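Here the structure comes first, spelled out in structure tokens, and everything after it is commentary.
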Amino acid sequence: MTGKSKENYNKNYINYVDSFDPPTQHVKTCIRAFLVGGFICSIGQFFRFMLEYAGLEGDILAGTVSAMLIFFGCLLTGLGVYDRIGKHAGAGSIVPITGFANSVCSPAVEFKTEGFVYGMAAKMFIVAGPIIVFGVSAGAAVGLIYWLMAL
């Protein structure tokens, strides 16, 4: 095959494959993501208001709200509800902290049949592991730079 005919063949194949894909409805997808993400954040804000009313404040309040959202994200993942939400919401369910909880719990639930150590514990951080490593490394680097600037 010559270069032109190979390029033409690739374009024809891509057009053939694209003919089976339904067109993406970007506006509808973005609206759903916005509404679901906003609803999840509104639930977090509701938790915050209730805990403020109960007397918590500052870092303890923020940590407690985050822990509650992580707990409910893991619970909904374990019950299979979060995956259904994610199917319809897209990035709206991934962006809040509950999406991070889902990314940690999903592999743990999926591989639990392989045992506790080699299945659940080993696979739990497949998706979230690089994010945690980058976050810790970036935080350490910024802290070091801040410390050096303060000298």
Side-chain angles (χ1 to χ4, degrees), residues 10-149:
N10 287 340
K11 285 182 183 177
N12 288 339
Y13 179 72
I14 290 171
N15 290 336
Y16 174 73
V17 170
D18 287 343
S19 70
F20 290 101
D21 284 339
T24 305
Q25 300 173 346
H26 296 291
V27 174
K28 187 176 179 182
T29 304
C30 288
I31 289 172
R32 270 199 246 160
F34 177 77
L35 291 175
V36 172
F39 181 69
I40 292 171
C41 293
S42 296
I43 291 171
Q45 192 65 41
F46 173 76
F47 289 158
R48 182 179 174 89
F49 287 149
M50 291 299 109
L51 291 172
E52 269 182 328
Y53 184 73
L56 293 180
E57 56 188 34
D59 291 341
I60 294 173
L61 174 63
T64 304
V65 171
S66 296
M68 289 174 71
L69 287 172
I70 290 169
F71 170 77
F72 284 113
C74 288
L75 179 68
L76 293 175
T77 299
L79 296 174
V81 174
Y82 207 87
D83 293 334
R84 289 186 295 217
I85 294 170
K87 239 181 234 181
H88 298 290
S93 65
I94 296 171
V95 174
I97 196 167
T98 53
F100 182 74
N102 178 337
S103 71
V104 173
C105 291
S106 283
V109 171
E110 183 177 343
F111 293 104
K112 71 180 178 183
T113 58
E114 294 181 19
F116 184 72
V117 175
Y118 292 115
M120 191 175 79
K123 306 287 184 182
M124 189 181 298
F125 294 104
I126 283 178
V127 175
I131 297 167
I132 294 170
V133 169
F134 178 77
V136 170
S137 302
V142 168
L144 181 64
I145 291 169
Y146 182 74
W147 181 72
L148 290 172
M149 288 173 58

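If you're wondering where the values come from, they're calculated on a predicted model, not measured in any experiment.
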Run the side-chain donor-acceptor check on residues 79-87: report pairs under 3.5 Å with partners two or more places apart or on a different chain.
| from | atom 1 | to | atom 2 | distance (Å) |
| --- | --- | --- | --- | --- |
| Y82 | OH | S93 | O | 2.4 |
| Y82 | OH | T98 | OG1 | 2.8 |
| Y82 | OH | G99 | N | 3.3 |

List the atom pairs, donor and acceptor, that lie under 3.5 Å between side-chain atoms in residues 128-146 and the rest of the protein, sequence neighbours left out.
| from | atom 1 | to | atom 2 | distance (Å) |
| --- | --- | --- | --- | --- |
| S137 | OG | V133 | O | 2.8 |

Going by atom type alone, with no hydrogens or angles, which donor-acceptor pairs under 3.5 Å involve a side-chain atom of residues 37-45 and a protein atom two or more places apart or on another chain?
| from | atom 1 | to | atom 2 | distance (Å) |
| --- | --- | --- | --- | --- |
| S42 | OG | G38 | O | 2.8 |

Under 3.5 Å, which donor-acceptor pairs do the side chains of residues 49-72 form with other protein atoms, sequence neighbours left out?
| from | atom 1 | to | atom 2 | distance (Å) |
| --- | --- | --- | --- | --- |
| T64 | OG1 | I60 | O | 2.7 |
| S66 | OG | A62 | O | 3.1 |

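Shown here are the side chain to side chain contact (heavy atoms under 4.5 Å, CB included) partners of I31, two or more places apart in sequence or in another chain: V27, L35. Scored by the side chain to side chain contact (heavy atoms under 4.5 Å, CB included) test, T29 finds no partners at all (sequence neighbours excluded). Listed by chain and number, the residues in a side chain to side chain donor-acceptor pair (under 3.5 Å) with S106 are N102 (sequence neighbours excluded).
In this pair, Y16 and Y13 present their aromatic rings tilted. The plane angle is within the 30 to 60° band.
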